[in-house]
Undergrad: 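Let me begin by handing over the structure; questions about it come next.
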Amino acid sequence: MFVALRKAVKKARIPKRVTSHTFRHSYASHLLQANYDIRTIQKLLGHSDIRTTRIYIHTVKSVTIKEAKSPLDL
């Protein structure tokens, strides 16, 4: 796997360091951007402790609605 990944990164001319963990990080970040629940992401990544999953939160801008709007405000 590692050799194939290295070849693909070289072929794509990606100048940054890429590891298999990069894919996990990207997957978690995209799930957060899609507003998936942190517990769902924890389960999908196979983390036993939620603190491990929370590391990904700082990488993505929050899309949570902070203030609910009343239907009367429309």
Undergrad: CD1/Ile38 to NZ/Lys43 distance, rounded to the nearest 0.5 angstrom?
TA: 15.0 Å
Undergrad: Minimum heavy-atom separation for Asp49 and Gln42, please, with both atom names.
TA: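 So the two residues come closest at C-NE2, 3.6 Å.
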Undergrad: Grab the two heavy atoms, one from His21 and one from Tyr56, that are nearest each other, plus how far apart they are.
TA: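 Nearest pair, atom of His21 first, then Tyr56: CE1-OH, 3.5 Å.
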Undergrad: Once side chain to side chain contact (heavy atoms under 4.5 Å, CB included) is applied, do any residues pair with Tyr27, and if so which ones, sequence neighbours excluded?
TA: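 Listed in chain order: Leu31, Leu44, Leu45.
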Undergrad: Under the rule for side chain to side chain donor-acceptor pair (under 3.5 Å), what residues qualify as partners of Arg13, not counting sequence neighbours?
TA: none
Undergrad: Closer than 3.5 angstrom, by distance alone: can the side chain of Ser29 be matched with the main-chain N or O of His25 as a donor-acceptor pair?
TA: yes
Undergrad: Holding to salt bridge (charged side-chain N to carboxylate O under 4.0 Å, His left out), I want the full list of residues that pass it with Asp37, two or more places apart in sequence or in another chain.
TA: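 By the salt bridge (charged side-chain N to carboxylate O under 4.0 Å, His left out) rule, Asp37 matches no residue at all.
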Undergrad: Output the distance between atom CZ (Arg17) and atom OG1 (Thr22), rounded to the nearest 0.5 Å.
TA: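 One finds 7.5 Å between CZ of Arg17 and OG1 of Thr22.
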Undergrad: Among the clusters formed by ILVMFWY side chains lying less than 4.5 Å apart, do Leu32 and Ile55 turn up in the same one?
TA: no
